[in-house]
2 protein chains.
Amino acid sequence: MRGKADSDLVRRQNRRVVLETLRFHGPSPRVELGRFTGLSPATITSITMQLIQDGAVIELDDVAGTVDSAKRGRPTVLLGLKPDAAFMIAVKISIGMIEFALADFTGEIRERAQLSIATFDMQPEIFARRLIAETKHFITSTNIEPALIAQINVAVQGVADNRLGKIAWSPAFKARGISIVSPLEEAFNIPCTLANDANMIAEGLIAQKMVKLSGTTAAVFMGYGIGMGLVIDGAVYQGSTGAAAEFGHMNYVPGGALCRCGRAGCLEAYASDYGILRSAEKLPDDTSPPSHPVNAQVMFALEAAARAGDKDAIAAFQKAGRAIGFGLARMIALLNPDRIVLAGAGTRALDLIEPSLRAAIEEGVVAELRANLKIETLPVGKDMIIGGTIDAGMRRLDSEVYAIGPALQTEVKKELLV
Amino acid sequence: MRGKADSDLVRRQNRRVVLETLRFHGPSPRVELGRFTGLSPATITSITMQLIQDGAVIELDDVAGTVDSAKRGRPTVLLGLKPDAAFMIAVKISIGMIEFALADFTGEIRERAQLSIATFDMQPEIFARRLIAETKHFITSTNIEPALIAQINVAVQGVADNRLGKIAWSPAFKARGISIVSPLEEAFNIPCTLANDANMIAEGLIAQKMVKLSGTTAAVFMGYGIGMGLVIDGAVYQGSTGAAAEFGHMNYVPGGALCRCGRAGCLEAYASDYGILRSAEKLPDDTSPPSHPVNAQVMFALEAAARAGDKDAIAAFQKAGRAIGFGLARMIALLNPDRIVLAGAGTRALDLIEPSLRAAIEEGVVAELRANLKIETLPVGKDMIIGGTIDAGMRRLDSEVYAIGPALQTEVKKELLV
DNA sequence: GATTTTGTTGTGCAATGCAAAATAATATAT
DNA sequence: ATATATTATTTTGCATTGCACAACAAAATC
């Protein structure tokens, strides 16, 4: 139903549209903002004036002004997001490692740090304390005024419950139910979030317009694990607890191969690096998965062997393709997506995987449902997790700047009247 | 991004909120509308005045005024949707049968009709022509001025492509790709839609507030076929072509039992009436499914046999439960829903199905993902398909009345100026 | 008939966005 | 060097919206 509307809402919405345009297009003159948003020049002037006053936007000195110096007429004034309007910290937790990044309001990374840490056997409280200490240390090391940091956003492999702010299960930890958000918010007194890493990659794809803003796109990340980001109508679908799109742990065969998560028959147990390796080596299906990522060299060698004709290796990749294909077929029957994007290190072996993957989709789902479906491959850099976390955080900040801006003004007025 | 906003949008939104409140609450006085929508009395007066003028709303004579006659003060004036503001026709196409209903703007059904017709072997064009002829005949029989009919909405079992307006595949037809919307729109020159029957039931659940308006709810309909309606944030999720939530034809076992759709291993081939019957009778998995619904008496008998201890019958229901359970487990891994609702005639045998269904969910999905999940059973009447089609149609009309109302006014003004 | 209660309408204000006019700043023509 | 053309931004004036508050209306009760 989306409730009633008033003129405040209109301003808020239009402020946000302007901010988003600026974030996506980069520094732009006012005319450009008007063209892109459809707002009149008068309105753009009014809104940008407010945003400048609120400290979210600045007029940029015409550094690159030489570019359009050939044109006649009054020169444009570039407007841009004010880099030091706010800062945020993105944290990536993976097996044996924590990474930090400090980003300014434009999304630019100002500082990074990473440290090795034996996460696997850590007790929840100990890890939380350690995380807080390391975050404090990172903040100190950046020389940024701590009060300017607006939020801390954490991404983690595995099942992240964003409602409770807990890591429900992760390959990085033996323990379950590790509380992250509450300890951080108590320690730093700013909004903090926890999210699944694949969903953060998907946020990055949206920010970079690599994912259509309408319809449904499923992005599959293949590698040490199998992840998915589901983008519905331009937003990452989170599910009830933020744990949606656990594609890797979607059951492939009841009672099948043993998965890292302790369950039998997950897709990941067939299609992730360790699953492929296990079946290539003809180890029994219930062989315990290694607790650390498969060495990249080992996978390179396996791919090479398959391409050189090694029957077992070929069969392992085919088996992986069939597992992913049936998983996708089931997803297609449920969600009828417009697009599937394959990404991640695992796509290196796509030549070995794709035929059986496509065959499985054809076998597993009615032709009518895949009539308009596009399947694409996408090069995805390693840093997409940190980058996507920052993108998502910045979008959240935009919403807060747009929402708080006018609200603050009326709040102040009310206080003056009292 | 949702684009820019202006004051027109505010009015449109608030008009819609008022209409929706009226539709959901039934006739209400203005104060009540104000209380419910949060709009000020002044605004309510202004909006209702417009809506009355536009012919969407009327002041009702205080028929039930005796109810609150005990109160002091000025009596309320009930406002209600104007029944004859617009009409629509809902059509339900199933195996061997077409049903029609004429509904007024309040959603009340004014006339119904149904006819048996041997759909299965009909050629697409012949069926379309017949459908048009029967619809015309139905309209004539209602004595409603044809110009007052605002739309025709068709629901069908099977894969309905709402983008192309074609029945991609349906158990009611041997043929595929039966064009429905274009022929109807050409014949009647009003907006027509085609949708899947399970999605229409879901629309009905929303209209009756049986489904939470936030979060994700999956409604499963068990019976002759297996259907699903996916409600995400208060709206039925349609997918790219309107064919989302084809749960019945989601693959259960690669290369498994033969399904009505011609494919092997669909969930429906194990869990629908005919699937259960086939396995209870120990017929081979590739036995062709019957082209007509299983007689209800046969299913009653099978249930009775199972409850009386018949091993084969018990095993068949357990097998069905396991199939649905694994299907749901996969759905849960992908969508992390808040709620699952089980409905339809098949829930009669829930006592036989549920244990294996729940066991399969536990086996098939990580505990963390089903921590907050609620599974409920819902009595769903036969008529939910027609009812839901009407509900969905009315919501569409509301949007058009709210949207066209002000637009028309400005259009008229512009014409006067020219 | 006066009083009380409650619901509806009118008035004045503040905010919004837009169209059109005014102003600003530059390139180019004369 | 000056005028003109061109493009960007700001200002002005107006229409729309919603809201708070006051005025009005209608019936029940005293």
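These figures come from a predicted structure and were not determined experimentally. The sequence lines fix the lettering, A, B, ..., with proteins before strands; numbering per chain opens at 1.
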> Any side-chain heavy atom of Arg395(B) within less than 4.5 Å of one from Glu203(B)?
Replying inline: yes

> Within this structure, what is the CG-to-C1' distance between Leu33(A) and dT10(D), rounded to whole angstrom?
Replying inline: 15 Å

> Is it true that Arg23(B) and Glu20(B) have a side-chain N and a carboxylate O under 4.0 angstrom from each other?
Replying inline: no

>> Expressed as a whole number of angstroms, how long is the span from Ile52(A):CD1 to dT10(D):P?
In response: 8 Å

>> Could you work out how much the helix from dG1(C)-dC30(D) to dT30(C)-dA1(D) bends, comparing the axis of its first five pairs with that of its last five, to 10°?
In response: 30°

> Of the candidate nucleotides dG18(D), dG7(C), dT9(D), which contains the atom at the shortest distance from the side chain of Asn14(B)?
Replying inline: dG18(D)

> Nearest of dC18(C), dG18(D), dT9(D) to any side-chain atom of Ser40(A)?
Replying inline: dC18(C)

> So which nucleotide from dC19(D), dT9(D), dT16(C) ends up closest to the side chain of Thr76(A)?
Replying inline: dT9(D)

> For the side chain of Gln50(B), counting heavy atoms from C-beta on, which of dA8(D), dT17(D), dC19(D) is nearest?
Replying inline: dT17(D)

>> Checking the side chain of Arg163(B) only, and the main-chain atoms of Gly242(B) only, is there a donor and an acceptor separated by less than 3.5 Å?
In response: no

> What salt bridge (Lys or Arg N to Asp or Glu O under 4.0 Å) pairs are there with at least one residue in residues 41-50 of chain A, not counting sequence neighbours?
Replying inline: none

>> A side-chain contact here means heavy atoms from C-beta on lying under 4.5 Å apart; do Arg15(A) and Asp54(A) qualify?
In response: yes

> Starting at CG of Asp8(B) and ending at C1' of dC18(C), how long is that distance when rounded to a whole Å?
Replying inline: 11 Å

>> Using OP1 and OP2 only, check whether a side-chain N or O of Lys4(B) sits under 4.0 Å from dC18(C).
In response: yes

> For Arg11(A) and dT17(D), what is the distance between atoms CZ and P respectively, to the nearest whole Å?
Replying inline: 18 Å

> Could you give the CG-to-P distance, from Leu79(A) to dT9(D), as a whole number of Å?
Replying inline: 7 Å

>> Checking Arg35(B) against Thr21(B) for the side chain to side chain donor-acceptor pair (under 3.5 Å) test, could you report, in this order, the C-alpha distance in whole Å, the side-chain angles of both residues, the deciding distance, and whether it holds?
In response: CA-CA 11 Å; Arg35(B) 254 195 297 275; Thr21(B) 306; over 6 Å; no

>> Could you check whether any side-chain N or O of Ser28(A) sits under 3.5 Å from a backbone N or O of Gly26(A), counting only pairs where one atom can act as donor and the other as acceptor?
In response: yes

Give each protein N/O atom lying under 3.5 Å from an N/O atom of nucleotides 9-11 of chain C, with the pair distance.
residue: dT9(C); atom: OP2; partner: Thr45(B); partner atom: OG1; Å: 3.4

> Hey, is the main chain of Ser214(B) close enough, under 3.5 Å, to the side chain of Asp233(B) for a donor-acceptor pair?
Replying inline: no

> When you match Asp6(A) and Ile44(A) each to their closest nucleotide on DNA chain D, which lands nearer the 5' end?
Replying inline: Ile44(A)

> Please give, in whole Å, the distance from dT9(D) P to Leu39(A) CG?
Replying inline: 15 Å

> Does Asp338(A) use its side chain to pair, donor to acceptor, with the backbone of Thr216(A) at less than 3.5 Å?
Replying inline: yes

>> Return whichever of Pro29(A) or Ser7(A) has its heavy-atom-nearest nucleotide of DNA chain D closer to the 5' end.
In response: Pro29(A)

> Tell me: CG of Leu78(A) to P of dA25(C), nearest whole Å?
Replying inline: 17 Å

